[in-house]
Amino acid sequence: MRVPARLGLLVALGACSGVSGRAPPGPGAPPPPSAPDVAMLARPRTVASYTLRASLDPAAHTVHGEGTLTFTNTSDKELSELYFHLYLNAFKNQASVFMRAPIGGFRGTTVPKDWGTIDVRRMVWRDGDEARDLWGAAELRRPDDEDETDARVPLPRPVLPGETITLEMEWDDKLPTVVERTGYDGSFHMVGQWFPKIAKLEPDGTFAHFPFHHLGEFYSDYGRYDVTMDVPEAFTIGATGPRVEERVEGGRRFARHVQDDVHDFAWTAWDAFQKRSETIDGVEVSILYPRGYDDHAERELATMRFAIPHFGARYGRYPYEVLTLVHPPQTAPEAGGMEYPTLITTGGAWYVPRSVLTPELVTIHEFGHQYFYGLLASNEVRWPFLDEGLNSYAESEAMRAWRGAGSAVDGLGLSVGGVEAHAALGRQHRHDEPIAQPAWAFATGSAYGALVYHRTATILETLRRVHGDEAMQKALGTYARRFRFRHPTPDDLVATVREVLGERAANTLRVALYEKGWVDYAITAMSSHPARKAAGIFDVGGQRETVATGTPTEGRHEGWVLVKRRGTLSFPVQIELVSEDGARQRVPWDGAADSIRVPFSGDSKLRAATVDPDARILLDEDPTNNSATALGKAAAGAPRTLERATYWAEILMGAITP
Amino acid sequence: MSEPSAPSSAPEATPLALEGAPDALRLLAPAEIRARRRPGAVLLFFAWQLAWALVVATPVHAWAGRAFGSHPDGDAALFEPGGRALLFWLSSGDSALPVTTRTTLLLLVLGAILGQLPLGVLTASLALGRGALSRAPRGAAFGVGATLFLPFTGLVVAVGLAQLLVLGLFTFGGSALDSATAGRLGDGPAFMLRLGAYAIGGAIAALLSVAADLARAAITLDLALRDTRKAAWSSVVHGLRAAFTLPAREKKRAIGAWAWRWAAGVLLVLLGALAASALGGKGGFALAALWLVHQGVVLGRSALRASWLARALRLVPRQADQRESAR
């Protein structure tokens, strides 16, 4: 899911950069595989499979659903109850956990103009010849809690380990106006989280169930989804998985989609969709978009031409046959920027200039979720950074590989990178809360966005810059391949980093994620003077010489620079010493101690010094204290800023007066 | 681009003072009013802009110098591709940001008001001349310019407020139109309606700018032609009345004359932006070259402004014309 704050910053900067932009480069050759020797599971273990039928009434904005759930107890415990997520009830009233959470600063904060509900009409367990009604005993609410998104369903008899059961279900959805990820806007319908969905079964026999929280996303078991949707004939359908059947009967369009090895199913229907399709790297990519968005559609397809092979090399081949991109209408922006298996929603107004790369960023970000949300499927509620954070890093890495330094804004002299935007935004709230905590534990939506998305991406980018591109891609490539379809945890990530990058990197990652780790390198003092000979009596070549105190060494200067490290993180860094004659020398420091006094010796006086001159430590709290100029030496100052500011003041003065 | 000649019915200029003296200061005849004859005044106007822009730039320059000036390469980091330092600088929560922003805005507004003095001097220099060769009025232009300061300032306030009102109304109206029609027409057409509303608002604001300069011309001519001084506000009213009662054909000429110079000015700004894009954040010779290009842009825009004001002085009827048309 995207972060509006970043888009706002980028659009503002882009507006300053003008409307022109360079033509996008072609996809180019993908990078070599990051961890080719790491084995990937070809298929996940199938736990929960659905065969569903859904009928949309676009006038009433309702969906009638029915079908079966086939569920296997893959744990080693007997199950006496099941849990079902009824996500649409988050929009039933303002007493739901979703609506009552006092969370601002993130998307989806508006109260829906039209409420949404899901009402289960029937849930029957076909247990041999017996039909056992389950829904009559279901517990929708907890005591003193109006939330109805997390239903407990007691079982008349336990489900044994390894046993597979089949439940028949029937339900009715009333879609809300688009609030977050799902809903309707006029005749546009984005149908997500729309069916009674069984909670993720953990190996210990417990269910990872939770009420739908404003900041929380999802966590599910893999299975096969066979879904037949019917809508009015004039509507175009986009859905998870390939279409295996389509027909029109009685003025209704029926479309059947079947997809194995996924953990959710979403679909959309609108009578104003335009459509383009293209096969990219063996994947049939379709884009559904509103009228007037042809240029956007091309930009998003161009993004996919780069992204599919690039992500395949980095994190393992995309295993599905299809991918559908949905660009929602401009009046339904909250439906955009969301990921479902083989279906992603993008976004952005049609007039966003090519110099502002938000359509590309959103598209590549949502596609990246196919890996971290789709194929790894970590618990997004318990550890949201494992999806959004890692994916934000992957998105900015891919965008930089494709578009270079100006991967977010690139026009008329202004070049802003996505990585740099992550670093700037990730600084907010960095001392407030740890990153590695559940979504519902964040105090504000802005803290969630800054830490989960941007800070995590900045941590990983810092590790990449410090340890090198190849090593970092190997670490994440190993993680993505090894844990494909396995629902990894933060411990799995840290262990993989330890294995590939070493103990220090793993410890850095752990402290940064769990303990609000931070670092600030600073030059706090420096000194330079003509070199002096050691004074005293010396025996040289059989002669005794006396060197007076303060005798200068011809043409040599010496001095020192005091560099300090503050904070709980440490990285190896370079320290650059600049002499008056322009000579530059670099001194490596492991960066672990609290400070170091770096000696200087040169042909002229020491003029200035910089720690981390290549800006590798993106996590550095304050880059402005990374440099110092020797006392008495004229600082380089800010002549470029003076020139630009003067010029634009002149232009503005000529423009603001009538 | 050629422009239409001054109205053929324009009377000969009325001497301002010391009629008959060889070096008399006089109001020039329309055909004599040309910006190219006053390079000194144009340069002075440009110099004022440069000087005040340096004042406006001082807070942000000081702030950048404090943050990045001690780096061996100075503020080069702020212009590096990727924008890490730039983003950090702008988003770090440094308390200098609001102080710098407010100070800069205040200085810009103050400059807009103080700038009426050099603008008055420029206008006076264009309208007046000495002797038969219409030499530059030099020092006398400062005196007339000082007299024009109050009426010109009144114009800035009155027309500026009107422009803000127009822009606000059309911005609000455009957004409302977009929201009201998006469902029925689709996003693209609805947004085009919004853009259309913005464009109309912008065009009206631009026309008000044209009227303001015509009013400046009328005020200058009025001051040169009459014997007694008017109150500043009376001058503003007189100037605006003269601008708005200009015959339709003259209004069209005025708009055309203003529009091509405005377009040329925009092209110059684009040229400056392209130069900045090409030279990036380099220092040394490249920075000096960029400074020269940018100041060339500003000087070119100053010349265009002077050229337009000269045209406005030629277009606005003088008192004799007004009396004539009143009969």
Side-chain angles (χ1 to χ4, degrees), chain A residues 9 13 18 186 272 290-293 329-331 349-351 404-406 409 412-417 419-421 423-425 427-428 576 578 607-610 615 618 622-624 626-629 635-647 649-654 656-658, chain B residues 49-50 52-54 56-57 60-61 64-65 67-79 81-88 91-92 108 111-112 115 155-156 159-160 163 182-183 186-189 191 208-209 212 269 272-274 276-277 280-281 283 287 290-291 294-295 298 301 305:
Chain A
L9 175 68
L13 286 167
R291 285 193 309 270
Y293 280 74
Q330 194 172 323
T331 47
W350 63 270
Y351 49 84
V409 175
L412 289 182
L414 182 61
S415 144
V416 175
V419 165
E420 287 76 9
L425 292 164
R427 297 182 73 254
Q428 322 299 325
E576 186 171 78
V578 184
R607 181 171 70 83
T610 301
L618 271 186
D622 185 1
T624 65
N626 284 22
S627 299
T629 302
R640 298 162 188 81
T641 307
L642 180 63
E643 194 282 326
R644 297 292 207 287
T646 304
Y647 172 64
E650 287 172 296
I651 297 298
L652 272 176
M653 278 164 39
I656 64 171
T657 54
Chain B
Q49 292 181 86
L50 176 57
W52 190 255
L54 281 166
V56 174
V60 74
H61 174 231
F68 292 96
S70 62
H71 190 281
D73 300 320
D75 61 346
L78 288 173
F79 298 86
R84 182 212 181 195
L86 178 68
L87 290 176
F88 169 82
S91 67
S92 62
L108 277 171
L155 258 181
V156 165
V159 178
Q163 286 178 316
D187 293 344
F191 189 77
L208 286 172
S209 281
V269 174
L274 286 175
S277 182
L287 182 60
L290 183 60
W291 186 86
H294 277 166
Q295 293 313 309
V298 178
R301 286 169 58 85
R305 181 96 164 105

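Bear in mind the structure is a predicted one, so any value in this text is a computation, not a measurement. Note on naming: letters A, B, ... go to the chains in the order of the sequence lines (proteins, then strands), and numbering restarts at 1 for each one. These numbers come from the heavy atoms of this one structure, side chains and all, not from hydrogens, waters or symmetry mates.
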Can you name the closest pair of heavy atoms from [X] and [Y] and give their distance?
X      : Y      : result
A:R640 : B:D75  : NH1-OD1, 2.9 Å
B:H71  : A:S627 : CD2-OG, 3.0 Å
A:R427 : B:S91  : NH1-O, 4.3 Å
B:P72  : A:A636 : O-CB, 3.7 Å
B:A53  : A:T646 : CB-O, 3.4 Å
B:A67  : A:T624 : O-CB, 3.2 Å

Practice item. Nearest 0.5 Å please: distance from the CZ atom of A:R644 over to the CG atom of B:L78. Key: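 The CG atom of B:L78 is 10.5 Å from CZ of A:R644, to the nearest 0.5 Å.
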
Could you tell me whether the side chain of [Y] reaches within less than 4.5 Å of the side chain of [X], counting heavy atoms only?
X      : Y      : answer
A:E643 : B:L287 : yes
A:E650 : B:V56  : no
A:L642 : B:L54  : yes
B:F88  : A:L618 : no
B:L86  : A:L414 : yes

Review point. Counting heavy-atom pairs under 4.5 Å to chain B, which of A:T610, A:T641, A:T629 comes out on top?
Key: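 Winner by heavy-atom pair count: A:T641.
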
Check your understanding: For the candidates A:A608, A:G637, A:G186, which exhibits the highest count of non-hydrogen atom pairs separated by less than 4.5 Å from chain B?
Key ->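 Between A:A608, A:G637, A:G186, the count favours A:G637.
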
Is it the side chain or the backbone of [X] that comes within 4.5 Å of chain B heavy atoms, both, or neither?
X      : answer
A:D622 : both
A:A423 : neither
A:Q428 : side chain

Exercise for review: Considering only heavy atoms and a distance below 4.5 Å, find which of B:G281, B:A77, B:S70, B:G272 pairs most often with chain A.
Suggested key: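 Looking at each option in turn, the highest pair count goes to B:S70.
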
Check your understanding: According to the interplanar angle, ranging from 0 to 90°, do the rings of A:W350 and B:F191 count as parallel (below 30°), tilted (30 to 60°) or perpendicular (above 60°)?
Key ->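 Because their plane-to-plane angle is over 60°, the rings of A:W350 and B:F191 count as perpendicular.
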
Check your understanding: So B:R301 and A:I651, side chain to side chain contact (heavy atoms under 4.5 Å, CB included) or not? Walk me through it.
Key -> CA-CA 9 Å; B:R301 286 169 58 85; A:I651 297 298; 3.8 Å; yes

Check your understanding: Given a strict heavy-atom distance threshold of 4.5 Å, which part of B:A64 is in contact with chain A: side chain, backbone, both, or neither?
Key ->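 Contact with chain A: backbone and side chain both.
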
